[in-house]
Amino acid sequence: MIDFIPGISGTAAALNAERIRMEVVSQNIANASTTRGPNGLPYQRQQVVFETVLQQRLSGSGSAGVSPQSVKVARVLPDTRPARTTFIPGHPDADANGMVKMPNVNIHEEMADLITSSRTYEANLAVIKNARQMALQTLAISKH
Amino acid sequence: MIEALFAQTNYVASKKLLDATVLRHEAIAANIANAETPNYKRVDLAPTFAAELSRAIADKSVSQVANLRPQLAVDGSATAANRDGNTVQLESELLRMQQNTMAHALEVQFISGSLSKLRSAITGRLT
């Protein structure tokens, strides 16, 4: 398949990675006060780890220089920060002193992550838009 | 014989520039894709390309221009803005992308212009 639109595969991978990140953020926000998960423990914040992927290039177009790199979500890791404890006596998950272990999710942090993620997503969409425009212009050479 | 029509230095050089622009777009696409990857170092067109191209054009050597190979290189001058070691800055990357797209439009226009001049020389008609 001829690569009509330059750099499209790396951008597609980036859109995918950012979407996974947004899903993880939404999962964190949804579980911001889940005090008991399937394992009986409070929910632990999850975070994504991005990693570069070397892209395969066609032997003809590739020269000795550096190859452009793609991106992927390598792992989704739990955040190891300790759980917050809040005083809620009478809560079914409260200990003898009335303290409840709450998830280590900070809503403000998650919102900042969400905005960064969606801005990066938009930037990648802009890349596709420009690449498409360039490809169409190239195809229109000598049409007029 | 017909090759001579397409062997003007300017025409060959603008074709090379078009290749370089597309390669640069790939570099910018990779940079924006990795805008959030820790320790990623931004890549760009190797700075030697522009120097070699202008030298080849100054020498008016078509073969020298045709043999140029635009390459990507890690941008050593970029510094990381924060502690994750990533040297990509989204805003300047987007700005470079717009400049690059404009440059591409200009080069396409130049190539189209060369071809249409050639056509009107052959047919004797102004299209």
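Keep in mind that this is a model prediction, so the values were computed, not measured. In what follows, chains are A, B, ... by sequence order, proteins preceding strands, each numbered from 1.
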J.: Any side-chain heavy-atom pair from Val108(B) and Met134(A) closer than 4.5 angstrom?
T.: no

J.: Only distances under 3.5 Å count here; give the side-chain donor-acceptor pairs of residues 55-63 of chain B to other protein atoms, sequence neighbours excluded, each with its distance to 0.1 Å.
T.:
unit_1   : atom_1 : unit_2   : atom_2 : d
Ser61(B) : OG     : Gln64(B) : N      : 3.0
Ser61(B) : OG     : Gln64(B) : OE1    : 3.4

J.: Which residues, numbered in order, of residues 80-91 of chain B come under 4.5 angstrom of chain A by heavy-atom distance?
T.: Leu90(B)

J.: Working to the nearest 0.5 Å, report the span between CD of Gln133(A) and CE of Met102(B).
T.: 9.0 Å

J.: In terms of heavy-atom proximity below 4.5 Å to chain A, should Ile32(B) be classed as side chain, backbone, both, or neither?
T.: both

J.: For residues Tyr121(A) and Val48(A): do they belong to one hydrophobic cluster (side chain heavy atoms under 4.5 Å, members Ile, Leu, Val, Met, Phe, Trp, Tyr)?
T.: no

J.: When only pairs under 4.5 Å are counted, which of Ala105(B), Ala27(B), Ala35(B), Pro38(B) shares the most heavy-atom pairs with chain A?
T.: Ala105(B)

J.: Could you have a look at Thr138(A), Val71(A), Asn130(A) and say which one has the most heavy-atom pairs with chain B under 4.5 angstrom?
T.: Asn130(A)

J.: What are the two closest heavy atoms between Ala30(B) and Pro68(A), and how far apart are they?
T.: CB-CB, 3.7 Å

J.: Is there any residue in residues 14-41 of chain A with a non-hydrogen atom under 4.5 Å from a non-hydrogen atom of chain B, and which ones are they?
T.: Ala14(A), Glu18(A), Arg21(A)

J.: Quick check: closest heavy atoms across Thr52(A) and Tyr40(B), and the distance to 0.1 Å?
T.: CG2-CD1, 3.5 Å

J.: Is there any residue in residues 95-107 of chain A with a non-hydrogen atom under 4.5 Å from a non-hydrogen atom of chain B, and which ones are they?
T.: none

J.: Testing the basics here: between His25(B) and Ala131(A), what is the closest heavy-atom pair and its distance to 0.1 Å?
T.: NE2-CB, 3.3 Å

J.: Would you say Leu106(B) ends up clustered with Leu139(A) if hydrophobic residues are merged whenever their side chains have heavy atoms under 4.5 Å apart, either directly or through other cluster members?
T.: no

J.: Can you measure from CZ (Arg119(A)) to CD (Glu36(B)) and round to the nearest 0.5 angstrom?
T.: 12.5 Å

J.: Do Ile128(A) and Ile28(B) share a hydrophobic cluster (ILVMFWY, side-chain heavy atoms under 4.5 Å, transitive)?
T.: no

J.: Do Leu17(B) and Met97(B) share a hydrophobic cluster (ILVMFWY, side-chain heavy atoms under 4.5 Å, transitive)?
T.: no

J.: Please report the interatomic distance CG(Asn34(B)) to NZ(Lys72(A)), rounded to the nearest 0.5 Å.
T.: 12.0 Å

J.: For His104(B), which atoms come within 4.5 Å of any heavy atom of chain A: side chain, backbone, both, or neither?
T.: both

J.: For Ala29(B) and Val127(A), work out which heavy atoms get closest and say how close.
T.: CB-CG1, 3.6 Å

J.: Counting only heavy atoms from other residues, nucleotides and ligands, does the tally under 6.0 Å from CD of Gln109(B) exceed 12?
T.: no

J.: So which residue, Asn100(B), Val22(B), Val43(B), ends up with the most heavy-atom pairs under 4.5 Å with chain A?
T.: Val22(B)

J.: What closest approach, in Å, do Ala126(A) and Leu94(B) show between heavy atoms, and which atom pair accounts for it?
T.: CB-CD2, 4.3 Å

J.: If two hydrophobic side chains count as joined below 4.5 Å and joins carry through other members, does Ile141(A) share a cluster with Phe110(B)?
T.: no

J.: Side chain, backbone, both or neither: which part of Gln137(A) has an atom under 4.5 Å from a heavy atom of chain B?
T.: both

J.: Would one find more than 12 heavy atoms of other residues, nucleotides or ligands at under 6.0 Å from atom CZ of Arg84(A)?
T.: yes

